[in-house]
Structures are given as C-alpha cells and as structure tokens.
Chemist: 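Handing you a structure now.
Numbered from 1 within each chain, the chains take letters A, B, ... in sequence-line order. Model, not experiment: these values are computed from the prediction.
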Amino acid sequence: MTGRDHPVLQAEGVAKSYGGRKILENVSISLGPGELVCLVGVSGAGKTTLFNILSGLERPDGGRVLLNGRDVTGAPGQVSYMLQRDLLLPHKKVLDNAALPLVIRGMKKREARAEAASYFPRFGLEGTEDKYPAQLSGGMRQRAALLRTFLGSREAALLDEPFSALDALTKREIHQWYLGMMDQLRMAALFITHDIDEAILLSDRVCVLSGRPGRVAAELTIRPPRPRDPSFPVSGEFLDYKKRILSLLEA
Amino acid sequence: MESMKKSDRTGSKLPAAGSLAAAVLLWLLASEARLVPSFLLPSPAAVCRALAEDAPVLLENAGVTLLEAALGLAAGILSALILATLMHHVPVLYRALYPILVITQTIPTVALAPLLVLWMGFGMAPKVTLVALTTFFPIAVSLLEGYASTDRAAADLLRSMGAGRRQIFRYLEFPSALSHFFSGLRVSASYAVVGAVISEWLGGFQGLGVYMIRVKKAYAFDKMFAVILVIVAVSLLLMGLVTALRRRACPWEAFEKIERND
C-alpha cells in the first residue's frame with residue numbers, strides 16, 4: 001500500500017492564496033485504499049486550507065482533487081470531513097446525528113436511521129441511539145462523530161485533529177479503538193495532528209508540510225505493519241522516526 | 001448530575017416562596033394593624049372577598065383579555081418568524097429593516113393604542129394588533145440573534161456533507177435558534193397580557209382593562225387589587241404555557257449544563 005498505484009484520494013499540484021498571500025504552493029498528496037496518512041506541519045502551513053480544498057468546501061486557485069480518478073475539485077459531499085471538535089448537533093439524538101450525512105444526501109429519514117442504527121454495535125454505541133450528545137462522555141461523542149464520518153463517505157475521510165480535545169488517557173484508549181475500526185472498515189483517512197507521537201503511532205505514512213507557503217517537504221513511510229506492537233512507541237525505531245520528523249519541521 | 005440539578009432547582013425556588021410569603025405577611029400586618037387606612041390599602045381578606053364576589057365578571061373579562069393576548073401573541077410569533085427568517089436569508093433586507101424595527105420599539109404603547117382604536121374601532125382588532133406589535137420585537141430580535149449565533153464550524157461540516165443553504169437552515173440554524181426564540185417568547189408572553197390590558201383601558205367594552213377603569217372610577221380599591229391579581233395570574237399562565245412548550249420543543253436542553261433562568 002503506497003497509495004500511489006490506485007489512490008482513493010489525490011491532490012494534484014494544489015495552490016491557494018488569500019489576498020495575495022500564498023498559503024499552499026503545488027501540494028500533491030495521495031491516499032491509497034485503507035491507508036492512514038498523517039499530515040504534520042508548523043501552524044500556518046495551510047493544513048486546514050488543504051483540508052477545506054480536499055473536502056470541496058473551497059476551490060483551489062490551481063491544481064485539482066481526484067476521488068478514485070474522478071475530478072471532484074470544489075464539489076462537497078464526496079469526502080467526509082471530521083473537524084476538530086466532534087460537532088455533534090446538540091438538538092439531535094445520537095442516532096439522528098449519525099444519520100445526518102445520509103439524510104442530507106437525500107435518503108429517507110427512516111431508512112437513514114435504520115442504516116445508521118445497524119452500525120451502532122460495531123462502533124460500541126449501542127444504547128445511545130435515543131440519547132442527546134450532551135448525555136455522552138467525550139470518548140463516546142468521538143465514536144459517534146466517527147460513525148457519522150464513516151456514513152458520510154466510506155471511501156475517504158479527512159480528520160482535522162480528531163483527538164486533540166481528549167485527555168491523554170481517553171486518547172490512548174480511543175487510538176487503539178480507532179486503529180481497530182479503521183482496519184475493520186478499510187476506510188482510508190488523511191489526518192492532521194500536532195502530536196508527532198500520535199502521527200507515528202497511527203499512520204502508514206507521515207507527510208511533513210513546511211510553512212509559508214505550505215509545501216510537502218517530505219514523506220516518511222512508517223514501516224512496522226499495523227496493528228503495531230505495544231512496545232513500538234518506546235522502541236529505538238520510533239525515536240528515529242521522531243527525530244527525523246522533528247528535524248524536518250525545524251528545517 | 002441530574003439529581004444534583006433537580007435539587008438545585010427546588011433549592012432556588014425556596015427563597016422566592018419565602019420572599020413572596022413575607023410580602024403578603026407585610027401587607028396583612030399593614031392593613032390589619034391599620035398602619036395604612038383601609039381605603040388606601042385594602043386588606044388581603046377584603047381583596048379575597050372582592051375576588052370571590054366578582055368571580056363570574058372577572059372570569060368573563062379575563063377570558064376576553066386572554067383571547068386578545070393569545071391572538072396577538074400568535075400574530076406576533078408568526079410575523080416575527082417570517083420576517084426574521086427572511087431577514088436572515090437576505091442580508092440587504094436585514095440592513096434595510098433592522099433600524100426600522102428598533103425605531104418602532106421606541107413608540108410608546110400608550111400613544112399607539114388610542115390611534116389604533118381610532119383606525120380600527122372599539123372591537124378586538126386594535127387590541128390584537130397592539131399585542132402583536134409589542135410581542136413581535138423581542139421574538140424577532142432573539143430569532144435573528146439565534147440564527148446569527150449558529151456554530152460556523154458546524155455549518156462547514158454540513159456543507160462538507162453536501163448540504164445546501166436550505167438544508168443548513170433546516171438542520172442547523174433553525175434548531176439552534178429555538179432556545180433563543182423561546183427566551184424571546186417568554187418576554188413577549190408577559191408583554192402580551194399587559195399590552196391587551198392597556199389597550200382595553202384606552203378604549204373598549206370588554207376585558208380586564210375595562211373592568212379596571214370601572215372599579216377605579218368607583219374607588220373600589222379592593223376590586224382594583226383583585227383585578228391586578230387576576231392579571232398576574234393570566235400572565236403567569238401564559239408564561240407557564242411557553243415554558244411547557246419549550247420543554248416539549250427543546251427536550252435536549254434538560255441535559256445541557258447551561259443555566260436557564262426559569
């Protein structure tokens with residue numbers, strides 16, 4: 001899985017400026033089937049702008065976005081996007097929150113609810129269908145948000161610091177769970193994090209974005225296959241990756 | 001968590017009940033001990049007697065006032081919903097109308113009511129119109145505020161799902177504005193009854209306002225106090241109705257940590 005042979009999602013030479021200031025310059029990135037690719041970079045490297053372009057929320061000034069080879073530049077509703085906060089709608093029950101992307105796509109409410117409900121046990125959400133988000137813990141809300149993301153697109157997901165709001169313990173727990181889910185669902189995901197350990201631990205590849213304007217400075221393949229050994233985060237190999245990423249970020 | 005919230009609520013009601021009881025006690029003392037002459041301040045007992053004696057008349061007039069208030073409030077809600085939603089969708093309309101909305105609020109009700117009577121006669125129409133005019137503003141403003149305070153990130157999320165303008169309104173903006181809407185409606189409900197009474201006062205044949213004028217002219221202060229109590233009761237009834245409606249319409253609020261003042 002290199003992501004280059006039959007990429008699910010691809011950005012080709014994407015460029016974007018705001019008011020004459022270049023934010024992204026010739027950014028190309030690809031995501032293979034079932035692959036987890038992590039985007040790290042200094043703040044201001046245009047990570048979120050890149051995500052807005054990949055999700056179709058914004059049009060790039062140059063370049064294009066391909067989903068399974070199809071041009072989806074500037075067309076939202078193709079790739080699902082999970083933002084920093086879980087953003088579950090407080091006025092909707094958990095089930096309706098999860099089913100929302102299906103309803104927006106035009107599915108009948110009853111069918112959408114039934115479809116979403118069928119995934120609740122797999123996501124460890126059974127019993128929460130009729131609750132409101134305010135009644136769930138942070139970890140459970142994150143699960144519900146991931147289910148919603150999955151129902152939004154089974155092909156590719158963009159996750160913008162999905163775990164940054166969680167405390168360290170919950171984070172560890174949800175990492176394990178999340179990796180398991182991604183493998184089970186064979187969902188490809190591109191995600192942003194500020195946490196280099198998280199990047200190395202979770203992804204198949206790490207893309208380092210350098211700033212002003214944002215460019216892909218380097219790509220690192222994290223060799224050990226997933227699921228990884230629990231001792232991986234304390235191995236010398238892990239530290240080597242970390243050193244390389246840190247030096248790339250400082251360059 | 002939930003039980004704690006509940007005890008917080010009952011706890012917060014005790015001081016209110018205490019101060020109310022103290023006020024009644026003070027009133028009782030002042031009138032029974034003849035600290036204030038009875039023609040100036042009737043005793044609670046006299047007021048109760050007046051309330052019982054005039055119950056059929058009071059009830060009939062209260063019905064009229066309540067009907068005017070409810071009809072006016074309904075018209076106010078409907079027009080606020082339509083106008084605020086239009087203004088939210090069409091920014092030019094917002095900029096054009098908002099100042100006018102504010103200006104209309106500075107026109108005193110007492111000046112407006114006789115004009116409305118002049119234009120519409122002594123029937124129910126001017127009362128309902130006045131109530132609609134006074135209740136419209138708080139609802140429209142809170143709705144506009146509610147629409148504007150929608151989480152932008154959530155709107156982006158919906159857009160990334162492919163949602164159009166109308167879907168974003170339906171699934172996000174409108175439900176998010178509901179809490180604001182009900183806060184405005186609560187204020188409006190209390191305005192509604194007072195508005196109807198003032199309107200009757202300034203020209204009409206029926207209603208608590210008319211009854212009020214009549215007993216005032218007869219210096220029947222016990223009946224005056226009785227009708228005040230009825231007005232308070234009718235207002236509380238309407239406000240209670242709004243709260244009940246809010247619970248039905250926004251069941252999720254019960255689980256949120258945001259403090260509400262009701």
Chemist: Counting only heavy atoms not in Trp201(B), do more than 12 sit closer than 6.0 Å to its CH2 atom?
Modeler: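 It does not: Trp201(B) CH2 has 12 such atoms or fewer within range.
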Chemist: Tell me, side chain or backbone of Leu178(B) under 4.5 Å from chain A's heavy atoms, or both, or neither?
Modeler: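 For Leu178(B), neither part sits under 4.5 Å from chain A.
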Chemist: Measure distances from Val79(A) to the heavy atoms of chain B and classify the residue's part below 4.5 Å as side chain, backbone, both or neither.
Modeler: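 Answer is backbone: N, CA, C or O of Val79(A) sit under 4.5 Å from chain B.
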Chemist: Would you indicate whether Arg152(B), at its atom CZ, is surrounded by more than 12 heavy atoms from other residues, nucleotides or ligands within a distance under 6.0 Å?
Modeler: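 Yes.
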Chemist: May I ask you to test the Leu157(B)-Met82(A) pair for a side-chain heavy-atom distance under 4.5 Å?
Modeler: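 A side-chain contact is absent here, since even the closest heavy-atom pair is not under 4.5 Å.
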Chemist: Chain A: which of Ala154(B), Gly164(B), Cys250(B) shares the most heavy-atom pairs with it under 4.5 Å?
Modeler: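 Among Ala154(B), Gly164(B), Cys250(B), the one with the most close pairs to chain A is Ala154(B).
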Chemist: So with a 6.0 Å cut-off around CZ of Arg105(A), is the heavy-atom count from everything else above 12?
Modeler: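 Correct, the count exceeds 12.
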Chemist: Is there side-chain contact between Phe255(B) and Pro90(A), with heavy atoms separated by less than 4.5 Å?
Modeler: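 Contact flag for Phe255(B)/Pro90(A) side chains = no.
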Chemist: Rounded to the nearest 0.5 Å, what's the gap from OH on Tyr171(B) to CG on Leu89(A)? Could you check?
Modeler: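 The distance works out to 11.0 Å.
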Chemist: Which heavy atom of Leu57(A) sits nearest a heavy atom of Asp156(B), and at what distance?
Modeler: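 Closest pair (atom of Leu57(A), atom of Asp156(B), distance): CD2-O, 3.6 Å.
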Chemist: Do Met161(B) and Pro101(A) touch side chain to side chain, with heavy atoms closer than 4.5 Å?
Modeler: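 The answer is yes, as the side chains (C-beta and beyond) meet within the 4.5 Å cut-off.
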Chemist: If you round to the nearest 0.5 Å, how far is OG of Ser160(B) from CD1 of Ile104(A)?
Modeler: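 It comes to 8.5 Å.
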Chemist: Count the heavy atoms of every other residue, nucleotide or ligand shown that sit under 6.0 Å from OH of Tyr191(B), and state whether that count exceeds 12.
Modeler: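 Not more than 12 within 6.0 Å, no.
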Chemist: Can you confirm whether Lys92(A) sits close enough to Trp252(B) that some side-chain heavy atom of one is under 4.5 Å from a side-chain heavy atom of the other?
Modeler: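 No; the side chains remain at least 4.5 Å from each other.
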Chemist: What part of Ser179(B) lies closer than 4.5 angstrom to a heavy atom of chain A: side chain, backbone, both or neither?
Modeler: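 The answer is neither part of Ser179(B).
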Chemist: Give me the atom names and distance for the closest heavy-atom approach of Gln167(B) to Val103(A).
Modeler: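 Smallest heavy-atom distance, with atoms named: NE2-O, 4.2 Å.
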Chemist: Looking at Arg165(B), I'd like to know if its CZ atom is crowded, meaning that more than 12 non-hydrogen atoms belonging to other residues, nucleotides or ligands lie closer than 6.0 Å.
Modeler: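 Check passes, neighbour count above 12.
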